[in-house]
Amino acid sequence: MSIKLTKTADGQYRQQVQIGPHRLFADARIDTQSDSAPDPHDIYDSALAACKAITLLMYAQRAGIPLTDVAVDITRDASEERQGRYQLHLDLMLGGELDAAQREKLAQIADKCPIHKLMTQVETIITTDCK
């Protein structure tokens, strides 16, 4: 899959991201005029939230766990990002009549979502070509 990014005409930094038939936008939060879309950190963080929610819903369905909804609240601490430490805290709100054992199992499964693994266990190699 190819992701295409192009600058939009509206805004100094606003970007359009095309992922197949889907389109989203990113912007920089330098001032109130450049806050027209999530910044790249928001998109990175939201990928983790979405992956955890989807993973839990899929797992619960297969395992017969009565999970009806997952809401995720992320708190970011990027104060040490330049020193190589980027911290995300996720609060998962699980809907459905779940017992303590099911909640514990879902908490374990949440940390096994593919994006969590990608962010914490995989070496990412990036090559950049300028044309």
Side-chain angles (χ1 to χ4, degrees):
M1 166 172 299
S2 176
I3 297 173
K4 306 278 187 201
L5 184 131
T6 55
K7 186 179 176 321
T8 66
D10 52 334
Q12 185 176 4
Y13 302 109
R14 185 175 164 94
Q15 305 292 312
Q16 176 180 296
V17 183
Q18 189 78 39
I19 306 168
H22 308 287
R23 183 174 52 179
L24 59 120
F25 296 90
D27 203 346
R29 287 207 184 108
I30 295 172
D31 54 42
T32 56
Q33 283 146 11
S34 63
D35 189 13
S36 68
D39 76 14
H41 283 86
D42 296 333
I43 295 169
Y44 179 82
D45 300 352
S46 65
L48 178 63
C51 187
K52 284 183 182 282
I54 292 166
T55 297
L56 289 178
L57 290 165
M58 291 173 75
Y59 176 83
Q61 183 180 29
R62 284 193 315 269
I65 296 174
L67 178 66
T68 58
D69 187 37
V70 179
V72 183
D73 185 21
I74 297 179
T75 304
R76 172 191 321 143
D77 179 354
S79 63
E80 298 176 11
E81 181 179 358
R82 290 182 186 226
Q83 291 77 34
R85 186 173 173 91
Y86 187 77
Q87 298 179 70
L88 298 174
H89 175 82
L90 284 79
D91 284 318
L92 301 176
M93 284 68 72
L94 307 177
E97 295 195 26
L98 306 168
D99 62 32
Q102 290 169 325
R103 287 181 180 280
E104 178 60 32
K105 182 63 176 177
L106 291 171
Q108 293 170 5
I109 295 299
D111 286 347
K112 295 180 180 187
C113 85
I115 299 298
H116 184 117
K117 289 180 181 179
L118 186 66
M119 289 177 166
T120 61
Q121 298 175 12
V122 175
E123 177 185 6
T124 301
I125 300 168
I126 300 169
T127 58
T128 303
D129 292 325
C130 293
K131 298 178 181 178

For side-chain contact (heavy atoms from CB on, under 4.5 Å), just list the numbers for D39 and D27, CA-CA rounded to whole Å, side-chain angles, deciding distance to a tenth of an Å, and then say yes or no. CA-CA 5 Å; D39 76 14; D27 203 346; over 6 Å; no

Rounded to the nearest 0.5 angstrom, the CD-NZ distance for Q18 and K4 is 10.0 Å

Counting distance only, does the side-chain N/O of T55 pair as donor-acceptor with the main-chain N or O of C113 below 3.5 Å?
no

Donor-acceptor contacts, no H, no angles, side chain residues 69-78, under 3.5 Å, sequence neighbours left out:
unit_1, atom_1, unit_2, atom_2, d
R76, NE, D45, OD2, 2.5
R76, NE, Y86, OH, 3.1
R76, NH2, D42, OD1, 2.5
R76, NH2, D45, OD2, 2.9
D77, OD1, S79, N, 3.0
D77, OD1, S79, OG, 2.6

For residues 102-109, please give each side-chain donor-acceptor pair under 3.5 Å, one per line with the distance, not counting sequence neighbours.
unit_1, atom_1, unit_2, atom_2, d
Q102, OE1, D99, N, 2.9
E104, OE2, Q108, NE2, 3.3

(Q) For residues I43 and L5: do they belong to one hydrophobic cluster (side chain heavy atoms under 4.5 Å, members Ile, Leu, Val, Met, Phe, Trp, Tyr)? (A) yes

| What do you reckon, is NZ of K112 surrounded by more than 12 foreign heavy atoms closer than 6.0 Å? | no

**OP:** Dump the intermediate steps for side-chain contact (heavy atoms from CB on, under 4.5 Å) on L56 and I54, then the final yes or no.
**Re:** CA-CA 5 Å; L56 289 178; I54 292 166; over 6 Å; no

Sorted by chain and number, sequence neighbours left out, side-chain hydrogen bond (donor to acceptor under 3.5 Å, both in side chains) with Q83 holds for none

Would you say Q12 has more than 12 foreign heavy atoms packed within less than 6.0 Å of its CD?
no

Quiz item: Tell me, do E81 and H41 make a side-chain contact under 4.5 Å, heavy atoms counted?
Solution: yes

For P114 and C51 the tightest heavy-atom approach is CD-SG, 3.4 Å

When the side chains of residues 119-131 are checked against the rest of the protein, which donor-acceptor pairs come out under 3.5 Å, sequence neighbours left out?
unit_1, atom_1, unit_2, atom_2, d
T120, OG1, H116, O, 2.7

Checklist entry - What about Y44 and F25, same hydrophobic cluster or not, with Ile/Leu/Val/Met/Phe/Trp/Tyr joined at side-chain heavy-atom distances under 4.5 Å? => result no

Applying side-chain hydrogen bond (donor to acceptor under 3.5 Å, both in side chains) to Q87 and not counting sequence neighbours gives none

Following the transitive rule for hydrophobic clusters with a side-chain heavy-atom cut-off under 4.5 Å over Ile, Leu, Val, Met, Phe, Trp and Tyr, establish whether L118 and M58 coincide in one cluster.
no

Would you say that S46 contacts P38 through its side chain, given a criterion of any heavy-atom pair below 4.5 Å between the two side chains?
no

Q15 side chain to Y13 backbone, donor-acceptor under 3.5 Å: yes

Rounded to the nearest 0.5 angstrom, the CD1-CG distance for I65 and L57 is 11.0 Å

Sorted by chain and residue number, the side-chain hydrogen bond (donor to acceptor under 3.5 Å, both in side chains) partners of T8 (sequence neighbours excluded) come out as D10

Under 3.5 Å, side chain of K52 to main-chain N/O of A110, donor-acceptor pair present?
yes

